[in-house]
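Side chains included, hydrogens not; waters and symmetry mates left out as well; all remaining heavy atoms used.
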Amino acid sequence: MNLMKFPKRYLIVILTFVSTCVCYIERVGFSIAYTVAADAAGINQSNKGTILSTFYYGYALSQVPGGWAAQRIGGRKVLLLSFVLWSSTCFLVPLDPDRVTILVVARLLVGVAQGFIFPSIHTVLAQWVPPHERSRSVSLTTSGMYLGAAMGMLVLPSLVKFKGPQSVFLAEAALGVLWSLLWFEYATDPPRSEHPKAAAAGFGESLLPTDASQKTKLEKGGKTAKIPWKRILFSKPVWAIVVNNFTFHYALYVLMNWLPTYFEQGLQLSLQEMGSSKMMPYLNMFVFSNIGGVVADDLITKRKMSVTKTRKLLNTVGFIVASLALMALPIFRTSGGAILCSSVALGFLALGRAGFAVNHMDIAPRYAGIMVGVSNTSGTLSGIIGVDMTGRLLEAAKIEYSDLLSPESWRAVFFIPGLLCILSSFVFLLFSTGERIFD
């Protein structure tokens, strides 16, 4: 009886949380496994950066199509399809650094498949979650990324050590299949009675079709409501979200893909011997992401601050503190110092997500999936640019300094995202709003 009283929307949020957790175990896992395999094969830093960034090309290509597909046929179905595709790819593809073409194609496919995930999740949450639970639900769901990254950093280096890099692919595929089975069994489209507040505020099945038999176009006053692409692309609040999404993911993807290299070649630390400390940056993101969501909802629901001021406050505090930590990171030459700086940087970046990352639902709840697709495209482009450019910067530093041990070798790597954080926070302060601007 108690299970029957458990609101279905909470189960949906928990399952989407687990989905992001599994996805980031996959991403961190590839970085760890490929780094070990590539170093053993003598692959240089520039070529490593090219392979690591390939995922983001596919990821960028599928963001907007993912939002469109989620709105047309339902986020629930698209999310399941995404997991089946990327899990199958991980299971079938061998991890061999010398078979470059196979690796490139595989990472492109995984990127395309995972590009559908976040637009689909936001479409599902737009259907299920009422406005007064919005910040904490989105924050909890996205915090799964950071818990997944933390778990990956803790467990996967040992798996690589004892079972080899290929074992990571198999473990990730198994997790993807397990989640797919849970989603298929328990996820449903929402009955209208489950979310009256959401429907009243522009959410729910009346706006986002969830039944395959329904027409896939939105109805408004008897006429078909088209997606306002021109208004979206020329909206200053939209661009404020886009710019901050770019910066957030630039910093996140650079650290996610190159922090293992920094620990091992910059500080000459073994990931296996670092124990649980190496997971602290991502665990900190998990904690601060949820703190940001709870604080934002409290400020808004108790009318302590307007939605606009709340989003700007959390975004600014998060990004400014993160920028200082990023620029200080190469100064610290010990394990503890590097863990502290990277933890502060990633933790406060996650806090900032309670600003820009929830803002899609504030300004355009009807087009939540589309908006996330647009902004995540910019975030993915930052992964392409940042991860690949970092490899080139490190290869140039290695030529100039003969190795990667000196702080100077890494200064540009961390200074660039630090500067972007400062610039982006000012853009959000100037142009963002918490008011609904798209009907």
Any chance the side chains of S343 and N284 put a donor and an acceptor closer than 3.5 Å? no
Distance-only side-chain donor-acceptor flag, N257 / Y56, under 3.5 Å: yes
Is the F83 to W179 ring centre distance short of 6.0 Å? yes
Can you pull out every salt bridge (charged side-chain N to carboxylate O under 4.0 Å, His left out) where at least one residue sits in residues 40-67? Sequence neighbours excluded, please. D39-K48
For the residue pair T247 / S424, report whether a side-chain donor-acceptor contact shorter than 3.5 Å exists. yes
Please determine, by modelled atom types, if H249 and T380 share a side-chain donor-acceptor pair under 3.5 angstrom. no
Under the side chain to side chain contact (heavy atoms under 4.5 Å, CB included) rule, collect the residues that match up with P237, sequence neighbours excluded. S235, I363, T433, I437
Separation between CD1 of I32 and CG of L159, rounded to the nearest 0.5 Å: 10.0 Å
For residues F428 and F319, establish whether the separation of their ring centroids is below 6.0 Å. no
May I ask you to decide if S378's main-chain N or O and N245's side chain share a donor-acceptor pair within less than 3.5 Å? no
So that I know where these two stand, are W410 and Y262 an aromatic pair - ring centroids less than 6.0 Å apart? yes
Using a 3.5 Å cut-off and no angle test, enumerate the donor-acceptor pairs between side-chain atoms of residues 17-26 and protein atoms at least two apart in sequence or in another chain.
unit_1: S19; atom_1: OG; unit_2: T16; atom_2: O; d: 2.6
unit_1: T20; atom_1: OG1; unit_2: F17; atom_2: O; d: 2.9
unit_1: T20; atom_1: OG1; unit_2: T141; atom_2: O; d: 2.6
unit_1: T20; atom_1: OG1; unit_2: M145; atom_2: N; d: 3.4
unit_1: Y24; atom_1: OH; unit_2: R27; atom_2: NH1; d: 3.1
unit_1: E26; atom_1: OE1; unit_2: Q114; atom_2: NE2; d: 3.1
unit_1: E26; atom_1: OE2; unit_2: R107; atom_2: NH1; d: 2.7

Show your reasoning for whether side-chain contact (heavy atoms from CB on, under 4.5 Å) applies to L283 and M151. CA-CA 8 Å; L283 192 60; M151 293 170 63; over 6 Å; no
Side chain to side chain contact (heavy atoms under 4.5 Å, CB included) against P165, all qualifying residues, sequence neighbours excluded: A33, V36, A37, L95, V160
Sequence neighbours left out, what pairs pass salt bridge (charged side-chain N to carboxylate O under 4.0 Å, His left out) with at least one residue falling in residues 387-397? D388-R392
Going by ring pair (Phe, Tyr, Trp, His ring centres under 6.0 Å), name the pairs with one or both residues in residues 142-170, residues two or more places apart or in two chains. F30-F169
